[in-house]
Protein chains: 2
Amino acid sequence: MAGMITKDLQSLSINALRILALDAVEQAKSGHPGMPMGMAPTAYVLWTEFLKHDPRDPQWPDRDRFVLSAGHGSMLLYGLLHLSGYDLPLEELRRFRQWGSKTPGHPEYGHTPGVETTTGPLGQGLSTAVGMAIAERKLAAEFGSEIVDHYTYVIASDGDLMEGVTGEASSLAGHLGLGKLIVFYDDNEVSIDGSTALAFSEDRLLRYEAYGWQVIREVHGEDLAAIRSAIRAAQADPRPSIISVRSIIGFGSPLAGNHKAHSDAMGPERVAATRAALGWEYPPFVIPEEVYADYRRSLERGQQAHAQWQARFEALAQAQPERAAEFRRRLEGKLPDLTSALPHFAAGERLATRAASGKTLERLVPALPELVGGSADLTPSNNTRTPDMEDFSRTNPRGRYIHYGVREHAMAAAMNGITLHGGYRAYGGTFLVFSDYLRPSLRLAALMGVPTVFVFTHDSIALGEDGPTHQPIEHLMSLRAIPNLWVIRPADANETAVAWKMALQRREGPTALVLTRQAVPVLSEVERAGVERGGYVISEVPQPQGCIVATGSEVSLALEAQALLLQQGIAVRVVSLPCWEAFEGQPQAYRDSVLPPSLPTLAVEAGASLGWERYADAVLGIDHFGASAPYPAVYHNLGFTKERVADKVKALLGV
Amino acid sequence: MAGMITKDLQSLSINALRILALDAVEQAKSGHPGMPMGMAPTAYVLWTEFLKHDPRDPQWPDRDRFVLSAGHGSMLLYGLLHLSGYDLPLEELRRFRQWGSKTPGHPEYGHTPGVETTTGPLGQGLSTAVGMAIAERKLAAEFGSEIVDHYTYVIASDGDLMEGVTGEASSLAGHLGLGKLIVFYDDNEVSIDGSTALAFSEDRLLRYEAYGWQVIREVHGEDLAAIRSAIRAAQADPRPSIISVRSIIGFGSPLAGNHKAHSDAMGPERVAATRAALGWEYPPFVIPEEVYADYRRSLERGQQAHAQWQARFEALAQAQPERAAEFRRRLEGKLPDLTSALPHFAAGERLATRAASGKTLERLVPALPELVGGSADLTPSNNTRTPDMEDFSRTNPRGRYIHYGVREHAMAAAMNGITLHGGYRAYGGTFLVFSDYLRPSLRLAALMGVPTVFVFTHDSIALGEDGPTHQPIEHLMSLRAIPNLWVIRPADANETAVAWKMALQRREGPTALVLTRQAVPVLSEVERAGVERGGYVISEVPQPQGCIVATGSEVSLALEAQALLLQQGIAVRVVSLPCWEAFEGQPQAYRDSVLPPSLPTLAVEAGASLGWERYADAVLGIDHFGASAPYPAVYHNLGFTKERVADKVKALLGV
């Protein structure tokens with residue numbers, strides 16, 4: 001097919017991408033022209049000759065995924081989307097980086113049609129793509145390659161390859177043998193500070209060999225035939241592939257090859273010089289019709305592929321209607337009613353909430369085939385693997401449990417990719433303190449509105465002997481500060497079961513389940529509806545003089561303090577507040593009924609006090625690092641006793 | 001010297017380490033015996049034959065640094081410290097993981113003599129060691145190899161090598177040619193989830209070749225001669241070296257080679273079986289005298305080396321007293337008075353605080369030769385490199401500026417290592433939003449009390465076009481939640497200069513400087529003493545009806561709103577609160593004088609509102625993600641106008 005296109009038209013089409021990037025950055029007086037100008041030929045070959053997609057239906061499940069990991073080169077993607085016929089008119093490209101446009105500085109999932117994941121923070125795109133490739137492989141194993149059979153393509157930069165998260169993710173991809181993951185490495189030897197020789201002299205490609213990837217070296221960035229054959233070789237190999245594209249940053253401009261081409265508008269003189277050098281005769285944002293026609297070959301090809309897929313899917317629906325319906329349900333992300341799937345725990349026993357989470361999963365995993373679990377090498381501690389789960393591996397792609405290794409960051413990015421792909425809901429575990437290691441990906445989940453579920457166990461100083469390196473202090477509050485993340489810290493086993501329901505029913509963003517290592521009592525007072533509202537009166541007294549509000553393991557402590565105070569003639573209400581975000585979504589009247597502003601309130605939580613001023617007049621928290629000792633010693637020595645809670649209440653009440 | 005020791009004694013000494021670990025974990029009913037049992041022979045050879053240290057003076061500047069990156073194997077280190085004659089009595093080993101002991105679950109810097117850095121969170125130790133090796137090389141270049149000439153040794157685990165941060169740091173170490181960095185890789189093929197084959201099948205050693213390291217393969221963990229010659233080969237090579245030690249986790253125990261040996265007490269039967277298998281005849285915590293004598297060979301050797309070093313240092317002090325005095329000052333971390341070194345900025349001009357930071361550094365860098373700067377590939381944006389700084393490199397080890405590459409996490413860990421080593425104070429820059437990428441190392445700096453300085457620029461939605469992926473929202477508050485971290489967000493150029501002084505004078509922990517991308521006015525109202533107190537009344541009015549408290553770029557906005565309100569007959573005070581932590585260290589009377597509890601107070605900060613309830617009755621903040629557009633559009637559309645501030649004040653005052 002490529003043979004039908006003249007070399008002149010190819011050049012024109014490639015230069016269209018370059019000039020669009022140059023002009024949009026010039027107009028915005030902001031942005032990154034260098035990468036799009038260097039990688040335009042690669043993108044052109046991929047998008048016009050290989051990429052299987054249907055610009056009229058960006059949600060078609062079997063489309064190839066394209067991830068611009070080097071998200072600062074967003075104009076390359078916007079140019080491709082526009083030229084290929086996505087719903088992204090030229091007017092939006094003119095409004096690059098302007099308020100309300102569809103063309104923000106970095107590509108944003110859910111904001112612009114055809115953007116598969118939000119990129120910009122380096123390393124995230126490639127690592128998320130690993131998750132997409134996992135999902136593809138798994139879904140194909142589950143539903144058959146007639147219905148699921150696509151590639152995941154990535155353009156990654158030097159910066160992506162320097163970030164540790166891509167090292168983790170690439171090692172995992174090699175381990176899992178994700179052969180349909182194809183990465184174009186924009187090997188342009190330039191980063192913001194200058195030449196990569198300043199900081200990045202390792203043999204990157206040898207490193208990828210070490211990860212178990214196919215490495216395709218020295219593909220000249222202007223050599224379309226070489227790019228074409230590299231893609232074919234990548235498709236043919238059972239390993240993930242990295243293609244080293246020796247591109248020239250800012251190709252065609254006077255700044256070509258210079259790190260100054262990386263970002264910022266080049267100025268009218270250089271723009272004019274680039275136009276002259278590339279022989280581009282059109283004014284800004286004018287694209288000749290033949291260029292559109294050239295790119296829209298893919299539209300026709302995509303529609304054909306889509307139609308053929310549709311026919312295969314209809315055949316499946318005829319032959320196996322339940323299977324087809326299940327595929328539809330899974331791709332639409334619709335859940336069955338979970339209430340009946342939730343376990344009930346009998347009051348009186350003692351159970352760590354991480355153990356309750358494990359038992360809840362034992363019920364949910366069979367009920368929800370879309371659940372894909374995992375842990376960053378803390379499976380026995382996180383209680384994330386149920387007995388009937390098999391491991392996902394190179395040889396068992398139907399397995400539902402992923403051993404991510406000690407790679408928290410790649411785990412979180414891959415979880416995002418698995419969930420973004422469609423067909424699956426990913427959850428993954430680590431210790432709460434190590435949420436720090438995966439925070440950039442967790443933030444992206446929140447920004448994208450992707451409902452990944454993070455299982456954070458060992459949630460306070462009460463983890464005991466492992467000491468301050470492993471004891472979270474600031475983590476709860478610093479997670480609560482992230483917009484659109486739900487943080488749920490259940491008080492007991494039954495609150496934990498409801499927390500899972502809330503996390504899975506949520507479709508608008510991620511949820512962090514924050515769970516104890518230590519056993520806590522199963523409370524008779526739990527109200528499921530109250531948990532779902534984020535907070536509720538778990539234990540009322542007639543005419544309360546005050547209130548104790550707590551979360552997680554501190555709720556049972558608050559109940560003990562309540563009883564102690566009652567013996568002393570002091571009546572206080574106890575409120576369980578497992579999920580601030582859900583609670584803040586309740587009507588003011590409900591919130592005021594649970595936590596009346598007039599009622600003197602003490603907050604009790606084994607974590608940083610900062611932020612509790614929102615709900616409480618005094619706080620029993622921890623504003624220093626923890627200590628290594630058996631759990632009762634640490635917990636009690638740091639002030640978490642019913643006597644201390646009672647004393648704080650009395651001080652607050654002035655009695 | 002090794003020839004003088006019989007094989008029987010060697011075995012006894014090695015088994016002493018194993019049994020100490022086994023018994024301590026058994027006594028604590030918690031801990032990790034497997035790694036110490038596997039790596040005891042390597043540690044024995046290193047500590048008795050190679051390590052240059054003086055247990056009587058753990059602070060001797062030219063000691064070799066030993067970092068147990070696999071910090072969960074802490075009993076290996078405690079055993080070595082005890083047996084080698086550090087001030088760590090047997091009684092402390094008996095109290096492993098108990099409240100108040102010197103033997104916490106993971107090694108803690110500043111808590112136990114001889115512990116060079118806190119480890120446990122995987123990847124941190126090795127990455128911090130890279131910083132130590134940078135400091136050694138630099139200090140040797142500056143003061144001569146007669147005074148500075150030591151190795152940095154690391155024991156790292158599979159988990160360390162899986163973490164992305166070590167990939168970043170190892171790439172940097174190879175790039176910089178840190179030949180005196182020697183890593184023992186405990187290649188035992190076991191992690192918590194089971195065999196490393198579950199998740200970690202890459203060719204780790206080929207990866208280290210790609211980083212430019214010397215790779216020494218297949219050293220059998222029980223072969224002392226092989227270990228010895230591997231160390232010699234590592235010392236001789238100009239590249240950093242990794243020695244693959246094929247150890248057996250839990251060696252000698254019935255769980256040898258099994259992932260169940262990784263953690264937890266083995267129980268009395270297995271402990272007895274291990275004693276029998278190793279031929280260990282002594283009760284728990286009884287060590288035969290000849291074992292002590294064997295380990296304390298190093299004490300004598302260390303004292304000799306120390307004495308020789310002292311003689312060389314005295315000779316230097318005679319010949320070049322100023323140079324010797326400077327070395328002492330640098331190692332003691334004493335700063336000259338900085339007040340005269342600080343620039344003064346004239347009120348009226350407009351200057352981004354990142355630019356003011358750059359100008360402050362132009363004064364500080366010549367005055368403080370201990371300052372070592374750097375950036376994670378954002379040098380032109382972070383303003384971290386002054387014109388007279390040369391780059392630190394393989395060929396220019398005296399250079400004072402480090403291009404860390406796009407490796408925020410390794411940068412932070414290396415900064416910790418540089419500062420821990422002594423002789424230097426490291427600062428490094430990235431965007432505030434990317435503080436997420438380096439949070440685990442930043443937390444360790446706070447936990448250790450290491451005064452590294454983080455330069456976080458582009459500190460709000462006001463960075464504009466780069467959009468929500470680059471716009472911090474929750475970061476300020478989630479940094480403030482970290483214990484022992486000072487977060488300073490200066491209002492203008494002069495507050496920025498003072499912020500630098502505060503950061504450098506601080507010796508108890510790290511400081512984050514949070515700086516604007518956009519220009520802000522230089523304010524006539526700044527009071528340096530008030531900045532140092534963390535907060536002060538920057539603009540008073542007679543009989544204030546209310547108060548606006550703000551930080552950073554929002555202080556000038558608050559002043560504008562104050563003027564607007566005054567025109568409307570409403571008098572409000574404006575408070576600048578650049579550093580909460582310093583402010584909270586002030587007497588209550590001062591704090592109440594600045595922010596009287598009775599004065600209705602509005603907080604204004606372009607970030608998450610959570611936490612501002614501590615100081616304010618209402619907050620103008622941002623509790624959602626930002627948007628891509630030119631800065632004035634984002635800033636104003638998200639509500640940061642003087643009119644909106646004034647309206648919020650009026651609503652608060654009910655006028």
Side-chain angles (χ1 to χ4, degrees), chain A residues 30 97-99 104-106 120-122 159 162-165 167-168 171 174-175 191-193 198-203 206-207 210-212 377-379 403 405-407 409 436-437 439-440 447 465-469 473-474 477-478 481-483 608 610-611 613-614 623-625 628-629 633, chain B residues 30 97-99 104-106 120-122 159 162-165 167-168 171 174-175 191-193 198-203 206-207 210-212 377-379 403 405-407 409 436-437 439-440 447 465-469 473-474 477-478 481-483 608 610-611 613-614 623-625 628-629 633:
Chain A
S30 160
R97 295 184 155 227
Q98 303 307 302
W99 183 264
H106 295 82
L122 288 168
M162 280 190 259
E163 289 285 5
V165 63
E168 297 178 6
S171 177
H175 173 76
S191 72
I192 290 178
D193 275 12
L198 281 175
F200 194 40
S201 55
E202 62 162 78
D203 186 338
L206 184 61
R207 170 152 66 91
Y211 293 141
D377 198 44
L378 288 169
T379 297
H403 292 280
V406 189
R407 304 185 185 103
H409 201 171
D436 280 352
Y437 275 77
R439 222 173 138 88
L447 176 54
E465 291 92 340
D466 272 345
T469 55
I473 297 290
E474 71 277 17
M477 209 53 80
S478 65
I482 298 176
L610 179 72
E613 291 90 349
R614 177 164 292 183
D623 291 317
H624 51 79
F625 292 104
S628 169
Chain B
S30 159
R97 295 183 155 227
Q98 302 307 303
W99 183 263
H106 294 81
L122 288 168
M162 280 190 260
E163 289 286 4
V165 62
E168 297 178 6
S171 177
H175 173 76
S191 72
I192 290 178
D193 274 10
L198 281 175
F200 194 40
S201 56
E202 62 163 77
D203 186 340
L206 184 62
R207 171 152 64 93
Y211 292 142
D377 199 45
L378 287 170
T379 297
H403 292 280
V406 189
R407 304 185 184 103
H409 201 171
D436 279 352
Y437 275 77
R439 223 173 138 89
L447 176 54
E465 290 93 339
D466 273 345
T469 56
I473 297 290
E474 70 277 17
M477 208 54 80
S478 65
I482 298 176
L610 179 71
E613 291 90 347
R614 177 163 292 182
D623 292 318
H624 51 79
F625 292 104
S628 170

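In the text below, chain A, chain B and the rest are named by the order of the sequence lines, each starting its count at 1. Scope of the values below: all heavy atoms of this structure, side chains included, with no hydrogens, waters or symmetry mates.
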Side chain, backbone, both or neither: which part of A/S30 has an atom under 4.5 Å from a heavy atom of chain B?
-> side chain
Among B/A633, B/A629, B/A210, residue most engaged with chain A (heavy-atom pairs, under 4.5 Å) = B/A210
Highest number of heavy-atom pairs under 4.5 Å with chain A: which of B/G167, B/P440, B/G212, B/G467?
-> B/P440
Closest approach of A/G159 to B/V406 (non-hydrogen atoms, all atoms of both residues) = CA-CG2, 3.7 Å
From B/L206 atom CG to A/D203 atom CG, the distance as rounded to the nearest 0.5 Å | 9.0 Å
Mark yes or no for whether A/Y437, through its side chain, and B/G164, through its backbone, hold a donor-acceptor pair below 3.5 Å.
-> no
What closest approach, in Å, do A/P483 and B/D623 show between heavy atoms, and which atom pair accounts for it?
-> CB-O, 3.9 Å
Which bit of A/A608 comes within less than 4.5 Å of chain B, counting heavy atoms only: side chain, backbone, both or neither?
-> side chain
Can you name the closest pair of heavy atoms from B/P121 and A/T469 and give their distance?
-> CD-CB, 3.7 Å
Non-hydrogen atoms of B/M477 and A/L610 that approach each other most closely | O-CD2, 3.8 Å
Among B/G120, B/S201, B/P104, residue most engaged with chain A (heavy-atom pairs, under 4.5 Å) = B/S201
Please flag which part of A/H175 lies under 4.5 Å from any non-hydrogen atom of chain B: side chain, backbone, both or neither.
-> both
Please examine the side chains of B/S171 and A/R207, heavy atoms only from C-beta on, and report whether any two atoms are closer than 4.5 Å.
-> no
Does some side-chain heavy atom of B/L378 sit less than 4.5 Å from a side-chain heavy atom of A/I192?
-> yes
Is the closest side-chain heavy-atom distance between B/H106 and A/S628 below 4.5 Å?
-> no
B/G105 backbone acceptor or donor facing A/D466 side chain under 3.5 Å | no
Under the salt bridge (Lys or Arg N to Asp or Glu O under 4.0 Å) test, residues paired with B/D193 that sit two or more places apart = none
To the nearest 0.5 Å, what is the distance between CG (B/L198) and OG1 (A/T379)?
-> 8.5 Å
Do you know which of B/E465, B/E202, B/Q98 has the most heavy-atom pairs with chain A at a distance under 4.5 angstrom?
-> B/E465
State, to 0.1 Å, how close B/M162 and A/E168 come at their nearest heavy-atom pair, and which atoms those are.
-> O-CG, 3.4 Å
Interface check, chain A: of B/I482, B/V165, B/L447, B/L122, most non-hydrogen pairs under 4.5 Å belong to B/L447
Residue pair B/E474 / A/S478, side-chain heavy-atom distance below 4.5 Å = no
